[in-house]
There are 2 protein chains.
Amino acid sequence: MDETLLQRKLGHIIRDRRLALGLSQEELADRCALHRTYVGSVERGERNISIQNIVRIANALDTRLWELIRAAEEGAGVP
Amino acid sequence: MDETLLQRKLGHIIRDRRLALGLSQEELADRCALHRTYVGSVERGERNISIQNIVRIANALDTRLWELIRAAEEGAGVP
DNA sequence: GTGTGACTTATAGTCCGTG
DNA sequence: ACACGGACTATAAGTCACA
């Protein structure tokens with residue numbers, strides 16, 4: 001799979017998961033101690049995010065990182 | 001899980017997988033168009049690697065990224 | 001509550017070596 | 001074949017004003 005494609009898909013997965021939890025970008029950003037606009041750009045797939053930040057987002061979403069990645073790679077749902 | 005812990009575990013997984021394929025760091029680096037010293041430091045868990053580069057490494061190791069991540073997070077084996 | 005462009009600072013990542 | 005370092009350059013991190 002193309003790298004930039006994965007990062008866009010991952011953004012969608014993150015957004016879906018956030019909305020499923022009823023959180024705003026601002027609330028998610030607070031949970032992982034990142035900036036609101038940064039989280040927004042990640043969701044839009046604009047950032048080549050580092051592993052440390054993805055882990056923090058996954059934690060804030062109460063999800064395992066590998067499940068987020070799998071959902072992005074395989075199109076599977078996130079629990 | 002702590003972010004830096006995951007990156008160290010991921011390094012070990014990458015190394016194990018590379019050795020299982022009988023590749024040197026240099027050969028792996030060539031496969032994903034990254035520098036040999038960089039791949040070495042990733043394996044040592046010293047790098048906060050970006051998602052694009054992890055994907056390239058996963059591809060070069062002929063593995064799905066989510067399987068690498070899962071192996072690092074859960075301690076499961078990589079096929 | 002979110003999208004976006006511009007921006008500075010931090011660090012990812014390269015390239016030259018050495019043991 | 002790998003670890004490690006120094007000196008770079010490229011790019012991610014992180015923030016802001018405004019729409």
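The residue from L68(A), T63(A), L61(A), I69(A) that alone fulfils the side chain to side chain contact (heavy atoms under 4.5 Å, CB included) condition with I13(A) is L68(A).
In this structure, R44(B) atom CZ and dA3(D) atom C1' are separated by 5 Å, rounded to whole Å. Following rounding to the nearest Å, R36(A) (CZ) and dT4(C) (P) show an atom-to-atom distance of 12 Å. We find that CG of D30(B) is positioned 12 Å from P of dC15(C), with the value rounded to whole Å. Here the C1' atom of nucleotide dC2(D) and the CD atom of E27(B) are 13 Å apart, to the nearest Å. Between H35(A) atom NE2 and dT2(C) atom C1' the separation is 13 Å, expressed in whole Å. Atom CZ in R56(B) sits about 13 Å away from atom C1' in dA12(C), given to the nearest Å. Here the C1' atom of nucleotide dA1(D) and the CZ atom of R15(B) are 11 Å apart, to the nearest Å. In this entry the distance linking CG of L34(A) with P of dG14(D) reads 6 Å, nearest Å.
Partners of R44(A) by salt bridge (Lys or Arg N to Asp or Glu O under 4.0 Å), not counting sequence neighbours, listed by chain and number: E46(A). With sequence neighbours excluded, the residues that form a side-chain contact (heavy atoms from CB on, under 4.5 Å) with L23(A) are R18(A), L21(A), E27(A), R31(A). In this structure R47(A) satisfies the side chain to side chain donor-acceptor pair (under 3.5 Å) test together with S41(A), sequence neighbours excluded.
Here dG1(C) is the nucleotide among dG1(C), dG3(C), dC2(D) with the atom lying nearest to any side-chain atom of E26(A). If you check dA17(D), dC2(D), dC4(D) against the side chain of R18(B), the one that comes closest is dC2(D).
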**Report entry** Candidate pair V42(B) and L10(B), rule side-chain contact (heavy atoms from CB on, under 4.5 Å), full reasoning
**Finding:** CA-CA 8 Å; V42(B) 167; L10(B) 187 59; over 6 Å; no
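Look at E74(A) and R64(B) and you find a salt bridge, because one of the NZ, NE, NH1 or NH2 atoms lies within 4.0 Å of a carboxylate O, short of that distance.
Every pair tested for ring-ring contact (aromatic ring centres under 6.0 Å, His included) that includes a residue from residues 28-47 of chain A fails, sequence neighbours excluded, so the list is empty.
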Close N/O contacts between protein and nucleotides 6-12 of chain D (under 3.5 Å):
| from | atom 1 | to | atom 2 | distance (Å) |
| --- | --- | --- | --- | --- |
| dA12(D) | OP1 | N48(A) | ND2 | 2.9 |

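Of the inter-residue distances, the one linking R36(B) atom CZ with D30(B) atom CG reads 10.5 Å to the nearest 0.5 angstrom. Atom CG of residue L6(A) and atom CD1 of residue I51(B) lie 4.5 Å apart, to the nearest 0.5 angstrom.
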Query raised in the report: What pattern of brackets, bars and dots sums up DNA chain C from 5' to 3', given Watson-Crick or G-U wobble pairs under 3.5 Å, [ ] for crossing pairs and | for another strand?
Result: .||||||||||||||||||
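Within 4.0 Å (heavy atoms only), E43(A) reaches no atom of the nucleic acid at all.
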